[in-house]
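Numbering of ligands and ligand atoms starts at 1, following listing order. Just the heavy atoms: all of them, side chains too, but no hydrogens, waters or symmetry mates, feed the values below.
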Amino acid sequence: MHSFRYVKGQLHCENVALADLAQKHGTPLYVYSQATLTDHYTKLDQALAPLDHLICFAMKSNSNLAVIQTLANLGSGFDTVSAGEIQRVIAAGGDPRKCVFAGVGKTEEEIAYALRQDIYSFNVESEAELKRISKVATRIGKIAPIAVRVNPNIDAGTHAKITTGTYANKFGIAFEEIEGVYARAAKLPNLRLRGLQMHIGSQLTDVKPFQLAVTKVAPLVARLSAKHGFDFFSVGGGIGIVYQDALASGDAKWWQSKAGKRVLTPQLYANTLVPLLKPLGLKILLEPGRFLTGNAGALLTRVEFIKKTGKKNFVIVDAAMNDLIRPAFYDSFHEIVPLKKKAGATVSSDVVGPICESGDYFAKDRPLPKVGEGDVLALLSAGAYGSVMGSNYNSRALAAEVLVNGTQSAVVRRRQEIAAIWENEQTVSW
Ligand SMILES: *Cc1c(COP(=O)(O)O)cnc(C)c1O
């Protein structure tokens, strides 16, 4: 579901009017729904009930402490990609023993830190990394739990920048080489070969690539598990969400775009994959990011100016690509709606930010209701890969973040002070 809807013409997140939040906390403002986070986690958790499983939230999609806390309280583990992310889990009260640690460039310091926190597993991306983990573990007297990431060479059919499971990508080790890698890993000291991992891409709206990848990899897992005594198989993340017309589709059909295009539901995902996974008799790990956080967030932004040129109607807003880079980076679509519902004809508009880049836009030639200076707009489905990719480009402060729970709301990240942007810098004496 998503918890953004109009009540008496005013856009609400759960039972809180977004106009009140914009008024109180200013814009640009990220707003998250705790009900949506909980609902999506629970739907997936229940669909997977036939399996011994652990959901490891891919916190790179949204690592706000309150988001981590919400999911940790539901029992979630975490897919982390840096020592900083593991530290965040601990800072939010999560359990490092439910953390997996992925990424192609883990440093010795990060490996040592993760070992000392007794993480669940390293997801290893190369043989050089296996050797490094073995070396660090030996040095500090720990046994490192590891899973190698297999690249199954399956095209996820998604955007090139979020395709990860083909041989053109930097991730994982080729399917054909995996057994040799495990045989050599078994000879390295202080490693425990605990499982196998894969992740084929992001924003998959069809179950087929998952089905192909699991069908291809499951027999390999069974063979390796027989040899090395595995505990788990991680099928990665990548479950897609609705970006287009999510609001219009409403709560009951949150998985369906207005055009009727159905995206993956947890039930369809489970119905397809459980029969393939259950016979392995292993714990199954999942690493969903976007599915848990994407629809749970909106970015609120105020209209500064309307600028009409011969060709275009520009709606210039106070949020920019430094707040939400997805349209510039991935050509992403975010539904844009005014907080105050507007009737009447739409105007083809470009919604752009104030940054000095042509790439600083949120929508092009989009039919939007006629809006004017001071109106506040919501960019929907901005909870994943939104604020986490924020930057200080153009010396713009990072936006504030608010978490809503029913009628309550709390600031879960204060708006950055302007002077804090350069607090780690200094001028020189010459
Ligand atoms: C990014 C990533 C995920 C999460 O992807 P989503 O599409 O957000 O579910 C999971 N696993 C790995 C290894 C990733 O890199």
Side-chain angles (χ1 to χ4, degrees), residues 36-37 40-41 43-45 47-48 53-64 67-68 71 76-82 85-86 89 98-106 119-126 129 146-152 154 156-166 169-173 195-207 209-210 213-214 217 232-243 255 263-266 269 273 284-297 326 329-330 332 381-389:
T36 303
L37 291 170
H40 281 210
Y41 179 90
K43 280 201 171 88
L44 195 55
D45 197 37
L48 294 161
H53 69 275
L54 176 65
I55 295 175
C56 291
F57 166 53
M59 61 184 276
K60 72 175 198 269
S61 72
N62 187 327
S63 57
N64 184 286
V67 170
I68 296 171
L71 293 168
S76 187
F78 298 92
D79 174 31
T80 66
V81 293
S82 67
E85 285 198 344
I86 300 171
V89 169
K98 286 188 184 173
C99 284
V100 293
F101 184 9
V104 297
K106 302 174 188 82
I119 64 159
Y120 186 81
S121 181
F122 290 88
N123 290 339
V124 179
E125 306 254 10
S126 66
E129 185 190 331
I146 65 108
V148 175
R149 175 168 176 176
V150 59
N151 183 334
I154 299 275
T158 182
H159 190 282
K161 280 189 186 154
I162 48 179
T163 294
T164 58
T166 74
N169 305 119
K170 69 179 175 183
F171 300 104
I173 293 179
L196 186 84
Q197 190 258 356
M198 68 175 188
H199 171 69
I200 58 173
S202 200
Q203 184 53 15
L204 274 69
T205 53
D206 187 353
V207 78
F210 287 117
V214 171
V217 173
F232 79 94
F233 173 34
S234 173
V235 296
I239 303 176
I241 61 166
V242 167
Y243 281 100
W255 66 85
V263 304
L264 208 41
T265 62
Y269 181 82
L273 299 188
I284 300 301
L285 265 59
L286 265 86
E287 302 164 357
R290 185 190 318 268
F291 176 74
L292 298 180
T293 52
N295 292 142
R326 297 189 69 259
F329 196 39
Y330 308 109
S332 308
S381 306
Y385 308 104
S387 77
V388 280
M389 287 188 170

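Asn123 and His199 are not linked by any side-chain donor-acceptor pair at a separation below 3.5 angstrom, with hydrogens and angles left out of the test.
Near Glu287, meaning under 4.0 Å from one of its heavy atoms, ligand 1 places the atoms 3 (C), 4 (C), 9 (O), 10 (C), 11 (N), 12 (C), 13 (C). Using a 4.0 Å cut-off to heavy atoms of Pro288, the atoms of ligand 1 that qualify are 9 (O). Of all atoms in ligand 1, listed by their number and element, those nearer than 4.0 Å to a heavy atom of Arg290 are 6 (P), 8 (O), 9 (O). Counting the atoms of ligand 1 from 1 in the order shown, those under 4.0 Å from a heavy atom of Arg149 are 13 (C). Of all atoms in ligand 1, numbered sequentially from 1 with element shown, those under 4.0 Å from a heavy atom of Tyr385 are 1 (C), 4 (C), 5 (O), 6 (P), 8 (O).
Under the salt bridge (Lys or Arg N to Asp or Glu O under 4.0 Å) criterion, Glu85 pairs with no residue at all, not counting sequence neighbours.
Looking at His199 against ligand 1, only its side chain comes within 4.0 Å, counting heavy atoms. Only side-chain heavy atoms of Asp79 come within less than 4.0 Å of ligand 1; its backbone N, CA, C and O stay farther off.
At least one heavy atom of Gly238 lies less than 4.0 angstrom from ligand 1.
Relative to the six-membered ring of Phe101, Lys106 meets both conditions, a distance below 6.0 Å and an angle of at most 45° to the axis.
Considering backbone and side-chain N/O atoms, Ala58 never comes within less than 3.5 Å of an N/O atom of ligand 1.
Protein heavy atom in closest approach to atom 1 (C) of ligand 1: Lys60 NZ, 1.3 Å.
One distance of note links CZ of Phe329 with CE of Met389; it measures 5.5 Å at 0.5 Å rounding.
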